[in-house]
K.L.:
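I have a structure I would like to understand better, so I am pasting it below and will then ask my questions one at a time.
Values below: all heavy atoms of this structure, side chains included; hydrogens, waters and symmetry mates excluded.
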Amino acid sequence: MISTEGAESGGDQPCFRLEPLNTHLPGKAGDSHLLFGDMDTTSKVTANGVQDIEDRILRITGYYGYYPGYSSHRREEGSESHADTPGSEASEEGKSYQTCANTVLKVLGGLLLVLCVSSSWVGTTQLVQLTFKSFSCPFFISWFSTNWTILLFPLYYGGHVVTTRDKQTPIQKFRECSRLFGEDGMTLKLFLKRTAPFSILWTLTNYLYLLALRKLTATDVSALYCCHKAFVFLLSWIVLKDRFMGVRIVAAIMAITGIVMMAYADGFHGDSIIGVALAVGSASTSALYKVLFKMFLGSANLGEVAHFLSTMGVFNLIFISFIPLILYFTKVEHWGSLSSLPWGYLCGLAGLWLVFNILVNVGVVLTYPILISIGTLLSVPGNAVVDVLKHEVIFSVVRLAATCIICLGFLLLLLPEEWDSVMLRFLAAFKKSEEHGEELTDSSIHTRSRSQANGAVSIPMA
């Protein structure tokens, strides 16, 4: 640095002296270099014999943190960072591959789940009609099958113990899932207040569905039950103030049209119109159950749903058991001794119903909810195949048209809310790709014509 020293006595003029510039590397004391020293002896030479100008400049300017070979070290770090780039790209490719693999597995699992949901619902519907041949007591069947939902929470807890490392006791898990009823958990007042209306709607849905199966074929009842999707939209639009969608209004109109055509198929008289009314009533109570669940309980996870369904099973066993007894003593639904009951059909029916509920609730968590809805819709052609092959049912043109209209409306209701914007983006991208292809074609034609004008000859490849 530049220092100023005072003049000695005698009037000497002040002079300036250059001091050496010390640049120390931490941990290497004693290394010093002159600002204007012999640069040729202190400069580094690179591996190819060329002087490293950057090192000299850094040393002259006193760059903080400089040490000999600094620039070459920086270049080595840069080369190492560039060497690490392919590895990072490989890791990103691995992550994208893993994501694609997970998506494919999720879709394949969803398709398998669709078949299982459809098969379980078809089996339940067909087994009900087989049971009616020897035991025509629909309310007792509904009550007996609903009692089996008590097993849902124990089955969920068993799956939790098997698949989770952080184990919880049954009481801890029960209290955790009870938060669906409120912050204080489940009390007797909340148990009656929240469970009673849903249990009544659940029982009505099943009972009306079974009554409809006594009047109509399984295909007609399953097709009419698909109208519950349209009723859910209408109730959500009116009660929950959900977004208005024109395509869903069209789907609801199609569902109503299919209902009217189904009732008209046999001329608005006899068992047909009663069966249609019962099936539509079952779809309506199912839609009301779903809308009220969304309104009061909101979105629930798998454990909370299992807890809620088991709670409804307990309510059904305690508070609704008197209704089958009343129907028995009034001989509305009369059966003989308990040993004469078709326990094989009853247990098989209740087991399939339980499997259907498990698949629906687990499938919503593990895969896409739309696939579960498609599985319910596929029960219509599944029941039709069984009715034609086993029961030799002949469907009229009006019934087939009504079934197709209801199914088409059901599919329209599965469209997402942003389907119009997605479709517009897809059409714009498709149009842009077509225009790009036309530009490439025009440019190739222009190039070919110009080459022909210049006397060029194109040789076809063998």
K.L.:
For the CE atom of M312 and the CG atom of L317, what is their distance to the nearest 0.5 Å?
P.N.:
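With rounding to 0.5 Å, CE (M312) is 13.5 Å from CG (L317).
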K.L.:
Under the criterion side chain to side chain contact (heavy atoms under 4.5 Å, CB included), I'd like the reasoning laid out for F231 against V291: C-alpha separation, chi angles, the key distance, then a yes or no.
P.N.:
CA-CA 10 Å; F231 299 153; V291 172; over 6 Å; no
K.L.:
With rounding to the nearest 0.5 angstrom, report the CG to SG distance, L378 to C407.
P.N.:
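Between L378 CG and C407 SG, I get 9.0 Å after rounding to 0.5 Å.
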K.L.:
Which pairs with one or both residues in residues 343-353 pass side chain to side chain donor-acceptor pair (under 3.5 Å), sequence neighbours excluded?
P.N.:
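Applying side chain to side chain donor-acceptor pair (under 3.5 Å) to every pair that reaches into residues 343-353, excluding sequence neighbours, yields nothing.
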K.L.:
Looking at every non-hydrogen atom in both residues, tell me the closest pair between S286 and Y225 and how far apart they are.
P.N.:
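Of all heavy-atom pairs spanning S286 and Y225, the closest is OG-OH, 3.1 Å.
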K.L.:
Output the distance between atom CG (L211) and atom OG (S136), rounded to the nearest 0.5 Å.
P.N.:
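Between atom CG of L211 and atom OG of S136 there are 9.0 Å.
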K.L.:
Is it true that F296 and F198 have ring centroids separated by less than 6.0 Å?
P.N.:
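Ring centres of F198 and F296 not closer than 6.0 Å.
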K.L.:
Could you pull out the closest heavy-atom pair between F395 and A384, with the gap in Å?
P.N.:
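Heavy atoms of F395 and A384 come nearest at CE1-O, 4.3 Å.
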K.L.:
Which residue, F144, F139, Y328, forms the ring-ring contact (aromatic ring centres under 6.0 Å, His included) with W335?
P.N.:
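Of the listed options, the one satisfying the test is Y328.
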K.L.:
Closest approach of L240 and K294, non-hydrogen atoms and distance?
P.N.:
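Nearest pair, atom of L240 first, then K294: CD1-CD, 3.7 Å.
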K.L.:
Can S337 and S339 be counted as having a side-chain donor-acceptor contact under 3.5 angstrom?
P.N.:
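Looking only at side-chain atoms, S339 and S337 do form a donor-acceptor pair, the distance falling under 3.5 Å.
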K.L.:
If you count the non-hydrogen atoms of other residues, nucleotides and ligands that lie under 6.0 Å from CH2 in W148, is the total more than 12?
P.N.:
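Correct, the count exceeds 12.
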K.L.:
Mind running side chain to side chain contact (heavy atoms under 4.5 Å, CB included) on K290 and L235 for me, showing each step along the way?
P.N.:
CA-CA 10 Å; K290 294 181 179 181; L235 288 175; over 6 Å; no
K.L.:
With heavy-atom distances below 4.5 Å as the criterion, would you say the side chains of T285 and L288 are in contact?
P.N.:
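A side-chain contact is absent here, since even the closest heavy-atom pair is not under 4.5 Å.
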K.L.:
Could you tell me if the side chain of I406 sits less than 4.5 Å from the side chain of M261, heavy atoms only?
P.N.:
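They are not in side-chain contact.
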K.L.:
How about CD1 on I394, more than 12 heavy atoms from neighbouring residues, nucleotides or ligands closer than 6.0 Å, or not?
P.N.:
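No.
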K.L.:
Can you give each donor-acceptor pair under 3.5 Å made by side-chain atoms of residues 187-197, sequence neighbours left out, with the distance rounded to 0.1 Å?
P.N.:
from : atom 1 : to   : atom 2 : distance (Å)
T187 : OG1    : L190 : N      : 3.3
T195 : OG1    : F191 : O      : 2.8

K.L.:
Under 3.5 Å, sequence neighbours excluded: what are the donor-acceptor pairs made by side chains of residues 246-258?
P.N.:
from : atom 1 : to   : atom 2 : distance (Å)
R248 : NH2    : L415 : O      : 2.9
T257 : OG1    : I253 : O      : 2.8

K.L.:
At what distance, to the nearest 0.5 angstrom, does CG of L400 lie from CE of M262?
P.N.:
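Between atom CG of L400 and atom CE of M262 there are 9.0 Å.
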K.L.:
Looking at side-chain heavy atoms only, is the closest gap between L204 and Y289 below 4.5 Å?
P.N.:
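Not touching, per the 4.5 Å side-chain cut-off.
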K.L.:
Would you mind reporting whether V385 and V122 have side-chain heavy atoms less than 4.5 Å apart?
P.N.:
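No. Closest side-chain heavy atoms not under 4.5 Å.
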K.L.:
Applying side-chain hydrogen bond (donor to acceptor under 3.5 Å, both in side chains), can you list everything that pairs with T125, at least two apart in sequence or on another chain?
P.N.:
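Applying side-chain hydrogen bond (donor to acceptor under 3.5 Å, both in side chains) to T125 gives Y209.
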K.L.:
Does atom NZ (K390) have a neighbourhood of more than 12 heavy atoms from anything else shown, all under 6.0 Å?
P.N.:
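Not more than 12 within 6.0 Å, no.
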K.L.:
Under the salt bridge (Lys or Arg N to Asp or Glu O under 4.0 Å) definition, can you give me all pairs with a residue in residues 217-226, not counting sequence neighbours?
P.N.:
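Listed once each, the pairs are D220-R399.
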K.L.:
List the residues meeting side chain to side chain contact (heavy atoms under 4.5 Å, CB included) with V362, not counting sequence neighbours, and say none if there are none.
P.N.:
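V362: side chain to side chain contact (heavy atoms under 4.5 Å, CB included) contacts with L302, I358, L366.
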K.L.:
Can you tell me how the ring of F174 sits relative to the ring of H307, calling it parallel under 30°, perpendicular over 60° and tilted otherwise?
P.N.:
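Plane angle between 30° and 60°, so tilted.
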K.L.:
Say you draw a straight line from CG of N301 to CD of E176; how long is it, rounded to the nearest 0.5 Å?
P.N.:
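One finds 7.5 Å between CG of N301 and CD of E176.
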K.L.:
Decide yes or no for P324 and C137: does some side-chain heavy atom of the first lie under 4.5 Å from some side-chain heavy atom of the second?
P.N.:
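A side-chain contact is absent here, since even the closest heavy-atom pair is not under 4.5 Å.
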K.L.:
Quick one: does W143's side chain get under 4.5 Å of I323's, heavy atoms only?
P.N.:
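W143 does not reach I323 side chain to side chain.
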K.L.:
Check C177 against E304 and note the closest heavy-atom contact, atom names and distance.
P.N.:
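Heavy atoms of C177 and E304 come nearest at O-CG, 3.7 Å.
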K.L.:
More than 12 heavy atoms of other residues, nucleotides or ligands under 6.0 Å from CD1 of I238: is that the case?
P.N.:
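Atom CD1 in I238 is crowded, with more than 12 foreign heavy atoms closer than 6.0 Å.
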K.L.:
Please determine, by modelled atom types, if T219 and D387 share a side-chain donor-acceptor pair under 3.5 angstrom.
P.N.:
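The answer is yes; a qualifying pair exists.
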K.L.:
Working note: L224 + L216, criterion side chain to side chain contact (heavy atoms under 4.5 Å, CB included); need CA distance, chi angles, decisive distance, verdict.
P.N.:
CA-CA 10 Å; L224 289 169; L216 300 174; 4.0 Å; yes
K.L.:
Looking at CG of L359 and OG of S118, how far apart are the two atoms once the value is rounded to the nearest 0.5 Å?
P.N.:
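Nearest 0.5 Å value for the CG-OG distance: 11.0 Å.
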K.L.:
What's the shortest heavy-atom distance between H228 and A283, and which atoms?
P.N.:
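Heavy-atom minimum between the residues: CB-O, 3.4 Å.
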K.L.:
Do T376 side-chain atoms and I372 backbone N/O form a donor-acceptor pair below 3.5 Å?
P.N.:
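Side chain of T376 to backbone of I372: a pair is present.
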K.L.:
Go through it in stages, so that I can follow the logic: the residues are L349 and S145, the test is side chain to side chain contact (heavy atoms under 4.5 Å, CB included), and I'd like the CA-CA distance, side-chain angles, deciding distance and then a yes or no.
P.N.:
CA-CA 7 Å; L349 172 60; S145 301; 4.3 Å; yes
K.L.:
Describe, in one word, how the ring planes of Y156 and F153 are oriented to each other, choosing from parallel (under 30°), tilted (30 to 60°) and perpendicular (over 60°).
P.N.:
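Y156 vs F153 ring planes: tilted.
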K.L.:
Please report the shortest heavy-atom distance between T149 and G313, naming the atom on each side.
P.N.:
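Where T149 meets G313 most closely, the heavy atoms are OG1-CA, 3.4 Å.
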K.L.:
Indicate yes or no for a side-chain donor-acceptor contact from S142 to the backbone of P138 under 3.5 Å, with no hydrogens or angles considered.
P.N.:
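Absent.
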K.L.:
Check whether any side-chain N or O of N383 sits under 3.5 Å from a backbone N or O of Q126 as a donor-acceptor pair, and report yes or no.
P.N.:
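Side chain of N383 to backbone of Q126: no pair is present.
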